[in-house]
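Here the structure is a predicted model, which means the values were calculated and not measured. Letters go in sequence order (proteins before strands), and every chain restarts at 1.
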Protein chains: 2
Amino acid sequence: MSSDGAGRRPPTAQQFVLAELRRAITTGRLRPGAPIRQDALAEELQVSRVPLREALKTLEGEGLVTYKAHKGYCVATLSLDDLREVYRIRELLEEEAVRRAVPRLTDADVDRLEAAQSDVERAAAAGDVLAMATANRLFHMTLFDCAGMPRLARLIRTLWDTTDAYRSMYYGDGGNRERVVKEHRATLDALRRRSADEAVATLDVHRDHAVAELESLLPASP
Amino acid sequence: MSSDGAGRRPPTAQQFVLAELRRAITTGRLRPGAPIRQDALAEELQVSRVPLREALKTLEGEGLVTYKAHKGYCVATLSLDDLREVYRIRELLEEEAVRRAVPRLTDADVDRLEAAQSDVERAAAAGDVLAMATANRLFHMTLFDCAGMPRLARLIRTLWDTTDAYRSMYYGDGGNRERVVKEHRATLDALRRRSADEAVATLDVHRDHAVAELESLLPASP
DNA sequence: ATTTTCAATATTGGATCCAAAATATGGAGA
DNA sequence: TCTCCATATTTTGGATCCAATATTGAAAAT
């Protein structure tokens, strides 16, 4: 084994911190709107503030945290308008990705999608929210990566990151998990038949459900 | 006057460095592919490496520079495929921005667009490449900002930044400058009549010309 | 002559320390 | 009691120093 318990540790401290921060935000340990106290966080992660600050700069670029000079960083909060905007942009970009990907899909690609879907179903059945989020993401990104447009895929990833803090709420509900599984099956079916139109349509529905659910969940805070 | 010659200096060193790096890249002083020697650059800009590295992290997030752990930063190079990809994504996002913006356009907005266009024409006539790039950008961003989708506008800005290093080549040619002026007039005309379809169409043409021109200019390097 | 090894050097990554700014605290005056 | 101002404390921004990694060059072995 590679010495430390929680998976292999990245080769630089900033990458380690970056991964930790992402987890903290997506799992909700760092709540949206919460100020980020550099000194405390650095000590907690056993690094100095330098790599922490570089990691925060990366997250700022991705929109996960906000920054103001001499005031510091806060976990980004998404208003309902922000959320709708993110999903609208995703709709545009993901449609493009799917339309480019479908004609290029190999059988091996489809196999990988099926495998990812199996993981999703397992996690959904087990009620494992974190595993569900991971597997769900793998499913979609596997598809998007097939478009052969790396920059497009990266943009989509960033947009997903932006709403990660809210996604876990969504998977907390068993009904939502069940629905996600069904919707994925519909998408997978369309992909097997190489129907871009249908795949796009099923994914649009998928997103719209997520937005609707989050809209009912959120209004408490913004 | 506010002490130093070249405009007001930002309140933090990283912001100053960030602005300087952008200029260096867009003007071509730092060529695509060139490695970034932190020590030398820091000394040249009279700052330590810490703010320089934070600025580089920001640029990495925007795709203007690439980074590899323990190897450092390089000015990003765009292959023709990359370039086409960026312009395709811009097409998608800018169409959305324009369609949202047009119904919301006030007369004051149109006035601001006209003003920006005047700047473009002045710069084009004077053959001032840098001013041309600045004014051109202002023209388009003024329009996109009217969509009332700040995240969308930010994404588009980032995509523009990505190709900034190559844009100056484009404006170097007088014929291109003349054509840009004409195309802007067509867009402006469509906007005055609040025709989203036509505005989108003219902008598509505008972009396609840029891509075609860059395609003939680039193949030397990638 | 070519390849391999190992040391010397250059460059990046990170920790500590100090400076600057913002925020919190407390007291004086109205 | 409330407001305002001066001061203390906290927090961020930046510089310097040291450590870790990568790169280069030269010498030795094949």
Side-chain angles (χ1 to χ4, degrees), chain A residues 2-4 6-22 24-25 29-77, chain B residues 2-4 7-22 24-25 30-77:
Chain A
S2 167
S3 76
D4 62 309
R8 173 166 15 272
R9 183 165 164 158
T12 66
Q14 22 177 322
Q15 284 169 26
F16 163 70
V17 170
L18 188 56
E20 286 297 310
L21 282 177
R22 270 195 229 280
I25 293 175
R29 248 199 59 241
L30 283 174
R31 302 264 175 79
I36 291 174
R37 214 62 65 194
Q38 297 179 10
D39 230 325
L41 240 178
E43 186 175 22
E44 186 183 325
L45 297 174
Q46 303 274 26
V47 297
S48 83
R49 279 174 47 215
V50 175
L52 170 60
R53 275 163 56 181
E54 297 199 20
L56 285 169
K57 267 279 169 285
T58 300
L59 293 178
E60 186 200 356
E62 296 174 3
L64 261 103
V65 303
T66 60
Y67 168 77
K68 209 162 172 285
H70 297 121
K71 264 212 55 179
Y73 296 88
C74 291
V75 180
T77 62
Chain B
S2 166
S3 75
D4 61 312
R8 177 170 6 276
R9 182 165 164 160
T12 66
Q14 21 176 324
Q15 284 170 26
F16 164 70
V17 170
L18 188 57
E20 286 298 310
L21 282 176
R22 270 195 229 280
I25 292 175
L30 284 174
R31 302 263 176 79
I36 290 174
R37 215 60 64 193
Q38 297 179 10
D39 230 326
L41 240 177
E43 186 174 24
E44 187 183 324
L45 297 174
Q46 302 274 25
V47 296
S48 84
R49 280 174 47 215
V50 175
L52 170 60
R53 275 163 57 181
E54 298 199 19
L56 285 169
K57 267 279 169 283
T58 299
L59 293 178
E60 185 200 358
E62 295 174 4
L64 261 104
V65 303
T66 60
Y67 168 78
K68 209 163 171 283
H70 296 121
K71 266 213 55 182
Y73 296 88
C74 290
V75 180
T77 62

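B:F16 pairs in a side chain to side chain contact (heavy atoms under 4.5 Å, CB included) with only one of the listed residues (B:P10, B:P51, B:P11), which is B:P10. Checking each of A:L59, A:L56, A:I25 against A:I36 for a side chain to side chain contact (heavy atoms under 4.5 Å, CB included) leaves exactly one that passes, namely A:L56.
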### Task
Please step through side chain to side chain contact (heavy atoms under 4.5 Å, CB included) for the pair B:V17 and B:L41, ending with a clear verdict.
CA-CA 10 Å; B:V17 170; B:L41 240 177; over 6 Å; no
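For the residue pair B:T12 and A:A69, the shortest heavy atom distance occurs at CG2-CB, 3.9 Å.
Whole-Å rounding puts the A:F16 CZ to C:dA15 C1' distance at 16 Å.
Atom CD in A:E60 sits 12.5 Å away from atom NZ in A:K68 (nearest 0.5 Å).
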Check the interface with nucleotides 11-14 of chain C: list each N/O to N/O pair with the protein under 3.5 Å, or write none.
residue: C:dT12; atom: OP1; partner: B:I36; partner atom: O; Å: 3.2
residue: C:dG13; atom: OP1; partner: B:Y67; partner atom: OH; Å: 2.3
residue: C:dG13; atom: OP1; partner: B:H70; partner atom: N; Å: 3.2
residue: C:dG13; atom: N7; partner: B:R49; partner atom: NH2; Å: 3.0
residue: C:dG14; atom: OP1; partner: A:A13; partner atom: N; Å: 2.3
residue: C:dG14; atom: OP1; partner: A:Q14; partner atom: N; Å: 3.4
residue: C:dG14; atom: OP2; partner: A:Q14; partner atom: NE2; Å: 3.1
residue: C:dG14; atom: N7; partner: B:R53; partner atom: NH1; Å: 3.3

